[in-house]
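Take a look at the structure set out below.
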Amino acid sequence: LHIDPGPVDGVYDQSTAYAVDAVEKIYGLPRDGDIGNAVQYDLTWFKWPKPLTTNADPNRVEVSLDNQYLVLYQNNWIKQIVTVSTGGGYAFCGGDSGCQYAVTPPGKFAFTHYINGWRTSKLGHLYKPFYFNGGIAIHGYPEVPNHAASHGCVRIPMKVADYFHNYLHTGMAVYVVGTPSHALGVRPPTPATTTTTAPAVTTTTKPPATKPTPTTVKP
């Protein structure tokens with residue numbers, strides 16, 4: 001099915017779970033990484049996902065923001081489907097643009113340059129990134145949640161990132177389709193705080209509000 005589950009070794013490892021994530025995302029199933037009855041049925045009667053674009057370049061990558069997977073096309077044939085995690089929609093501060101939302105913008109782009117190995121940016125570490133929109137890249141990362149969670153890049157599993165760049169080239173089209181998470185009101189969970197007893201306020205003037213310290217989030 002062109003979804004990489006890792007080697008046939010009898011072990012249900014993280015690569016297998018990522019492959020199951022991709023199937024669950026394609027069919028809109030609960031994203032639990034388990035091969036339940038619904039996943040077994042859809043694997044048995046598997047149908048390719050429909051292209052996200054029309055009149056598109058025959059060699060391209062399509063990224064679904066709504067369903068969190070990408071499809072690599074070669075001559076309009078599906079070469080590979082990969083689970084991804086895109087911009088999580090939360091507000092953060094850091095990087096070159098100051099405070100902003102963690103967004104993977106929709107649109108048509110093209111790959112610009114590739115870095116072989118790890119790259120350390122102001123927002124974290126990227127494994128074998130291939131950039132297509134300024135500082136936004138498709139790159140490997142040790143954690144690829146089954147939901148949008150990155151600063152804006154398109155995370156893919158590390159073992160896929162080891163070879164995925166071989167299918168890409170500078171100038172190749174990238175279509176990002178769907179609704180960015182910030183437009184859906186997605187926010188990260190509020191971190192737990194320690195409650196202390198404050199002294200009684202005897203004045204009728206409200207104390208000044210304090211500005212929260214931004215939370216550091218993984219790319």
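Residues Ser85 and Gln68 have side chains in contact (heavy-atom distance under 4.5 Å, counting atoms from C-beta outward). A 4.5 Å side-chain heavy-atom check between Val160 and Gln80 finds at least one atom pair inside the cut-off. Here the side chains of Asp66 and Thr179 are in contact, with some heavy-atom distance below 4.5 Å. At least one side-chain heavy atom of Asn75 sits less than 4.5 Å from a side-chain heavy atom of Asn59. Taking the side chain as every heavy atom from C-beta outward, Ile156 and Ile138 approach each other to under 4.5 Å. Side chains of Pro180 and Pro106 form a contact here, defined as non-hydrogen atoms less than 4.5 Å apart. The closest side-chain heavy-atom distance from Asp4 to Tyr163 is below 4.5 Å. Looking at His151 and Tyr90, their side chains come closer than 4.5 Å, going by heavy atoms from C-beta outward.
Across every non-hydrogen atom of Thr83 and Val144, the tightest pair is O-CG1, 4.1 Å. The two residues Gly140 and Ala161 make their nearest non-hydrogen contact at CA-CB, 3.5 Å. Here the shortest heavy-atom pairing between Gly135 and Cys153 reads O-SG, 3.8 Å. Looking at every heavy atom in both residues, Gln40 comes nearest to Thr44 through O-OG1, 2.8 Å. Looking at every heavy atom in both residues, Asp162 comes nearest to Lys128 through O-NZ, 3.5 Å. Minimum interatomic distance between Gly171 and Ala110 (heavy atoms only, all atoms of both residues): O-CB, 3.8 Å.
A side chain to side chain contact (heavy atoms under 4.5 Å, CB included) with Val61 is found for one member of Tyr73, Phe111, Phe132 and no other, namely Phe111.
Side chain of Glu24 to backbone of Gly33: a donor-acceptor contact under 3.5 angstrom is found. The main-chain N or O of His125 is never found under 3.5 Å from a side-chain atom of Thr120 such that the two would form a donor-acceptor pair.
One finds the CE atom of Met158 at 10.0 Å from the OH atom of Tyr141 (value rounded to the nearest 0.5 Å). Of the inter-residue distances, the one linking Phe130 atom CZ with Ile115 atom CD1 reads 10.5 Å to the nearest 0.5 angstrom. To the nearest 0.5 Å, atoms NZ (Lys25) and NE2 (His147) are separated by 9.5 Å. The line from OH of Tyr69 to CD of Glu62 is 8.5 Å long, rounded to the nearest 0.5 Å. Note that CD1 of Ile3 and CG of Leu43 are 7.5 Å apart. Values are rounded to the nearest 0.5 Å. Annotation: the span from His139 atom NE2 to Arg155 atom CZ amounts to 6.5 Å, rounded to 0.5 Å.
Ring geometry for Tyr114 versus His165: interplanar angle under 30°, hence parallel rather than tilted (30 to 60°). The aromatic rings of Tyr131 and His113 sit parallel to each other, their planes meeting at less than 30°, with 60° as the upper class boundary. Note: Tyr27 and Phe46 have perpendicular aromatic rings, judged against thresholds of 30 and 60 degrees for the angle between ring planes.
Taking hydrophobic clusters as Ile, Leu, Val, Met, Phe, Trp and Tyr residues chained together by side-chain heavy-atom distances below 4.5 Å, Ile26 shares a cluster with Ile78. Under the 4.5 Å side-chain heavy-atom criterion for Ile, Leu, Val, Met, Phe, Trp and Tyr, Leu72 and Val176 are members of the same hydrophobic cluster. Connection of Phe109 to Val154 is established within a shared hydrophobic cluster, with ILVMFWY side chains joined at heavy-atom distances below 4.5 Å, either directly or through further cluster members. Side-chain heavy atoms closer than 4.5 Å link hydrophobic residues (I, L, V, M, F, W, Y) into clusters, and following such links, even through other members, never connects Val177 to Val63. Taking hydrophobic clusters as Ile, Leu, Val, Met, Phe, Trp and Tyr residues chained together by side-chain heavy-atom distances below 4.5 Å, Phe164 does not share a cluster with Leu126.
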Query raised in the report: Between Asp13 and Thr16, does a side-chain contact (heavy atoms from CB on, under 4.5 Å) hold up when you go through it step by step?
Result: CA-CA 5 Å; Asp13 60 8; Thr16 311; 3.0 Å; yes
Requested in this report: Report the C-alpha separation of Asp42 and Lys47 in whole Å, then their side-chain angles, then the decisive distance to 0.1 Å, and conclude whether the side-chain contact (heavy atoms from CB on, under 4.5 Å) test is met.
Outcome: CA-CA 8 Å; Asp42 291 328; Lys47 294 182 179 179; over 6 Å; no
Query - side-chain contact (heavy atoms from CB on, under 4.5 Å) evaluation trace for Leu29 with Val39 - result: CA-CA 8 Å; Leu29 301 174; Val39 173; 3.9 Å; yes
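Listed by first then second residue, pairs satisfying ring-ring contact (aromatic ring centres under 6.0 Å, His included) with a partner in residues 2-21 read His2-Trp48, not counting sequence neighbours.
Taking 4.0 Å as the cut-off between side-chain N and carboxylate O, Arg31 and Asp21 do not count as a salt-bridged pair.
The environment of CG in Asn37 is sparse: at most 12 heavy-atom neighbours from other residues, nucleotides or ligands sit within 6.0 Å.
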